[in-house]
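Scroll down for the structure; my scribbles are underneath it.
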Amino acid sequence: MPYAVKFEDVSKQFRKGGAQYEHFGTRVLSAPRRSLKRLRGQQEPSNGKLALDRVSFEVPEGEAFALVGPNGAGKSTALRLVSRISQPTGGILRVKGRVGALIEVGSGMHFELTGRENIWLYGSIIGLSRADIRSRFDAIIEFSELGDAIDTQVKYYSTGMQLRLGFSVASYLQPDIFVVDEALAVGDVNFQAKCVDRMAGLVKEGTTLIFVSHQLAAMEALCTSGVMIDQGRVAIEGSAKEVLTHYIATMESRRDIVDLANNDGRVRIVSATCHAADGSESNVFTAEEPMEIRLRFESDEPIQEPHVVIGITDGRPGGLIEISMLDDASAPATVGREFEVRCLIESLPLRPRIYEIWCDVIGQDGYGTLMRWMEVAGFRIDASIGEGKKAIVNAATAGAVLVNYQWDVRT
Amino acid sequence: MRHSDYEPVESVFDGKNPPKLRVAFRELVVYREVVWSFAVRGISVRYKQSALGVGWAVLQPLAFLAVFILFFGRVVKVSGGGASYAAFAISALVPWQFISSGISFGANALVNDADILRKVYFPREAPIFGAVLSIIPDLGIGLLLVLLATPFTGAHLTWTLIFIPLLCLILLIIPLAASLPLGAMNVYYRDFRYLLPFALQLGLFASPVAYPVTRISPGLRPWYALINPAVGPLEGFRRVLAVGTTPDWGLLGISSASALVALLIGYKWFKSLEREFADVV
């Protein structure tokens, strides 16, 4: 299999102190002391952060490749190396062809300019010629769904609008290698689905996709192979399924994947875990097995009748399952500053896939949000995948609910 | 859809050898539209943000001119050397203003665009060159102002006006050459930003803007033009726009050569540092 990107023992050590300025005056004043040290043969210490430590892996050409790992593992550093933004300090990195990168929303946009002007600017910065931009201009605007807002200054855009503009431009670059980092997290679900479709389309046309996201379901649906990086080293390399399974298994707490800190409502979630029948914490279940979701909350004062709502989805638009105290009137009359809610689901008739658990808390009157709708945890349904011709693809992308069935073909 | 015979080029990064000057320059040519975009953006943002808009390009040299006429023309009584002091001052003030704004925009370009630098790759000199190029319209407006003001300043204009494009071209090298090393320093040292305006003020007095180059003794003039490459073109502009004679080709030649050598050395140094910029800025 030819490769599109090849890491050969690549290391990246950042300068001591990281992205911090030194004062020129200090530098000049310390110059005599430093040159004296150098004369004595003493090396200046370069104990900066080692973000990647002799990392080797290959990204196969024309495939979607998943890059996973906990926060701070070195994923973004690897992507920055691939997209030439920064250079390795050791080892050799081989990159075949033009790289288009979408690293973070709003990068490359200038807020004083309109959306239209930004298409020209951003397009040319990431490597489109003016003729390319002209010929794709209408398609870019159409894909971005910005409509008349295209002539408004970007400083009046929402993050979602900036993302739509950025993704539209980047995806029309038609690079050989398309690098997408986290960007999808802020878009609305419909646009996320559209992006996933567009990326799948690019892969079909022969583009190599390197995808970093916290949305594991989208990664599993798109990617065929991948690598997991942990503490700057390769933890596992293989098929996307193996890598994602390993990733979830090694994460003791889902908090590494889901950011629970980002909530500031009257009720705040402290932890969200899944437990097997014997009460032990687990993230992998079979379809027949019961699963208990335990949610621990805190608030600044006792709360009257908090309605907890749990949603389960495979990451695509529209929830699969919703369990709500607003349906069954089971909200507790009152809770203290800390409370735990347990929900036992007797069986999960779902396909083997990664699922997300979302949660919000609604007020006493069944109206008014105490905690916003947010992803709190995840789990994986583990089962054997059939032998059919599209079993693997369907397991990842087709309808998620599993039923007991019997074929009967008559001729 | 790609052609079946398309073969992507493989790039190898080992973080060791900095690119050769020729390779770097070829890459810059490939990325010329990025430079262009930064320049266009610079122009439109500057005119959008300031309430005065284009008026800014006119007001700045006029304000300086007023101070110069008052102080050097009346109080210190510097001679215009064959032209009125107003014509003498404004003909060098406008090109000096270009050098000064070019350097201050160019040297700050990387820090101002740190956000893009950290997230997109392009040759790192692109925003610097773009920022310098974005000052060209101001130079055009300023020169037009000088020409339009001729009836009031009493400048003597002749056929030598045809040398203006050549002088502009040489003038352009100076902020480009200065911005590369200054821009790189700016990335590494936070306090460089504050040193810069001060250095530019000194530069104004180290260049023949307020005083004629004839104040320097003839033997020292070539050295003056060598050390300060602004001398040749400034004196050239003054002769063409105020006195109506040809530029001093000797001084102009020395200054151009000195500016070009500075540009090449600065560019080479910049390219050897540039790969760290995104990690540091």
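Every chain is numbered from 1 and lettered A, B, ... according to where its sequence line falls, protein lines coming before strand lines. Remember, it's a predicted structure, so these values are computed and weren't measured experimentally. Just the heavy atoms: all of them, side chains too, but no hydrogens, waters or symmetry mates, feed the values below.
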TODO: Could you tell me which portion of A:Gln153 (side chain, backbone, both or neither) has an atom closer than 4.5 angstrom to a non-hydrogen atom of chain B?
DONE: side chain

Open item on the list: Using side-chain heavy atoms (C-beta onward) and a distance below 4.5 Å, is A:Glu117 in contact with B:Val40?
Closed with: no

- [ ] Pick one of side chain, backbone, both or neither for B:Glu276, based on which atoms fall under 4.5 Å of a heavy atom in chain A.
- [x] side chain

Open item on the list: If you count every heavy atom of other residues, nucleotides or ligands that lies below 6.0 Å from B:Trp269 atom CH2, does the total exceed 12?
Closed with: yes

Open item on the list: If you count heavy atoms of other groups shown closer than 6.0 angstrom to NZ of B:Lys20, is the number above 12?
Closed with: no

TODO: Of all the heavy-atom pairs spanning A:Ser124 and B:Val34, show the shortest one and how long it is.
DONE: O-CG2, 3.0 Å

- [ ] Check whether any side-chain heavy atom of A:Ile92 lies under 4.5 Å from a side-chain heavy atom of B:Val12, and answer yes or no.
- [x] yes

TODO: Decide yes or no for B:Val120 and A:Ile85: does some side-chain heavy atom of the first lie under 4.5 Å from some side-chain heavy atom of the second?
DONE: no

- [ ] Report yes if the side chains of B:Trp36 and A:Arg130 come closer than 4.5 Å at any heavy-atom pair, otherwise no.
- [x] yes

Task: Side-chain donor or acceptor of A:Arg80 paired with backbone N/O of B:Arg118 under 3.5 Å - done: yes

TODO: Sort A:Phe7 into side chain, backbone, both or neither according to what part of it lies under 4.5 angstrom from a heavy atom of chain B.
DONE: neither

TODO: Calculate, to the nearest 0.5 Å, the distance between atoms CD1 and OG belonging to A:Ile133 and B:Ser37 respectively.
DONE: 6.5 Å

TODO: Against chain A, label B:Arg124 side chain, backbone, both or neither, depending on which of its atoms sit under 4.5 Å from a heavy atom there.
DONE: side chain

Open item on the list: Within this structure, what is the OH-CD distance for the pair B:Tyr121 and A:Gln87, rounded to the nearest 0.5 Å?
Closed with: 7.5 Å

Open item on the list: Does this structure show an ion pair linking A:Arg134 with B:Glu33, if we count only N-O contacts that are shorter than 4.0 Å?
Closed with: no

Open item on the list: What part of A:Lys6 gets within 4.5 angstrom of chain B, counting heavy atoms only: side chain, backbone, both, or neither?
Closed with: neither

Open item on the list: Which heavy atom of A:Phe14 sits nearest to which heavy atom of B:Asp279, and what is that distance?
Closed with: CE2-OD1, 3.4 Å

